[in-house]
Structures are given as C-alpha cells and as structure tokens.
Amino acid sequence: MKLAIPTVDGEFTAHYSERGLAQLDFAGDQRSHSSDTLAPARASEWHKTTTLALKEILAGKNPAKLPPLDLSCGTEFQRRVWNALLKIRAGKTQSYGQVAEAINHPRSTRAVGGACGANPIPVIVPCHRVLAAKGRLGGFSSGLDWKVKLLNREGIQLC
DNA sequence: ATTTACAATATGA
DNA sequence: TCATATTGTAAAT
C-alpha cells in the first residue's frame, strides 16, 4: 500500500502494511516498488496522522501524534534503536554513543550506526537527530543535505 | 563458516 | 593525529 505525501520539500511516499506505517521514502527517492495488493482499511486514517506528523517535523515541531509503526522487518536490536530514537524531542540531539547507552548496549555505538542506516522510516524516526560525538555530523543514507536542513530547521546549531 | 566494511567511540601511543 | 579493540548487520568470499 503506497500513498504519497506532498510537502514543501517534495513528495514523500509512505508504505503501509496491515500493522501500520512500514516505510517512508524521501522526495523523488523511489527505492522499492512492491505490488500494493494490500489495502488495509485503516490505511487512510493512518495516512492522515502520518501526513500531519511529517509536516510538523519538517516545520521543526514535535509531532503530537504518530501513526502505528510496523517495525517487524528489523531485528530486535534495530527495533530497540529505533524506539530510542523516537524519544528524542525536536531541537535535541543525541550521539551514537548515547543511543547505545540508552538501549543498554554501551559498546555498540557502531552497531547503532548500522541500525540507523537500516531505518525504514526516516524523519519520523529521527535518525537525523543522531550526531557523532562532539556534535560532529556523521553520515546519512539519503544525503547529508537533508540532515543539515532538518537540523537547522529545528534550531540546532552544528559546531 | 570467515572476513570485510559501515552513519562510532574510547583508549593508548 | 593515528592505530586498535569493540559491537550488530549485511554482503562478499
């Protein structure tokens, strides 16, 4: 189930499964085109929430409500990471090391980076708010431009 | 089954 | 500043 989300930054694409939002693609970044045979009844309701939340985040605000997220594709470790990322508020950042500590794997900082890269729902799961230590920028799968733009919009200054 | 390469970090030289 | 050990995954051998 694929639905478009028009925003000031372009058209995002949300993918829904029976459980909820399963993937979110950046504007013009069509990676996978699976057949949308499924059409969950709740999808349109979820989509409203997703659209709202996405726009709030793009505006640098904190989303009031999120749609259900289908994280069943990831390993347990990855889901822990993503869950930890969801707790980061707009305007705040965390280092990979801090995320690692938050999920009780204080030495898995590198693995955290891997989990962020595997994150199927960028922006809503704020992988862009995770910086390397000392406030340096790390990397970003869909382009560092997005990372910088989003952070600036939230009023975060990079050193 | 083993080795590499990653969006990392702390430590020791 | 540079080398290295550590950790979870995926991809290559």
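Letters go in sequence order (proteins before strands), and every chain restarts at 1.
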Considering only dA7(B), dT7(C), dT9(C), which nucleotide approaches the side chain of C116(A) most closely? dA7(B)
Euclidean distance, atom CZ of residue R107(A) to atom P of dA8(B) [Å, nearest integer]: 19 Å
Out of dG8(C), dA7(B), dT9(B), whichever nucleotide has its closest atom nearest the side chain of F77(A): dG8(C)
For dT6(C), which nucleotide is its Watson-Crick or G-U wobble mate, given both distances must be under 3.5 Å? dA8(B)
At under 4.0 Å between heavy atoms, what does G117(A) touch on the DNA or RNA strands: base, sugar-phosphate, or nothing? base
Could you check whether W146(A) and F140(A) have their ring centres less than 6.0 Å apart? no
Look at the side-chain N and O atoms of T75(A) and state whether any lies under 4.0 Å from the OP1 or OP2 oxygen of dT9(C). yes
Out of dG8(C), dT9(C), dA7(B), minimum distance to the side chain of S141(A) belongs to dA7(B)
Picking from dT9(B), dT7(C), dG8(C), the nucleotide nearest the side-chain atoms of A111(A) would be dG8(C)
Whole-Å distance separating the CD1 atom of I103(A) from the C1' atom of dA8(B): 13 Å
Of the listed nucleotides (dA7(B), dT7(C), dT9(C)), which one gets closest to any side-chain atom of S108(A)? dT7(C)
Less than 4.5 Å apart, any side-chain heavy atom of V125(A) and any of N83(A)? no
Looking at Q94(A) and L131(A), would you say the former's side chain and the latter's main chain have a donor-acceptor pair under 3.5 Å? no
Round to the nearest Å and state the distance from N104(A) atom CG to dG8(C) atom P. 12 Å
What is the distance, to the nearest angstrom, from the NZ atom on K134(A) to the P atom on dA10(B)? 9 Å
Within this structure, what is the CZ-to-C1' distance between R129(A) and dA7(B), rounded to whole angstrom? 17 Å
Go ahead and name the base partner of dT13(C); Watson-Crick or wobble counts if both distances stay under 3.5 Å, otherwise write none. dA1(B)
Rounded off to whole Å, could you give me the OH-to-C1' distance for the Y96(A) and dT9(C) pair? 15 Å
Can you tell me if R19(A) uses its side chain to pair, donor with acceptor, with the backbone of P68(A) under 3.5 Å? no
Spacing between L85(A) atom CG and dA8(B) atom C1', to the nearest angstrom: 15 Å
Expressed as a whole number of angstroms, how long is the span from Q94(A):CD to dA7(B):P? 21 Å
Would you confirm whether the ring centroid of H47(A) sits within less than 6.0 angstrom of the ring centroid of Y16(A)? yes
When you measure from the side chain of F140(A), which nucleotide among dT9(B), dA7(B), dG8(C) comes out closest? dA7(B)
If the P atom of dA12(C) is compared with that of dA7(B), how far apart are they to the nearest Å? 15 Å
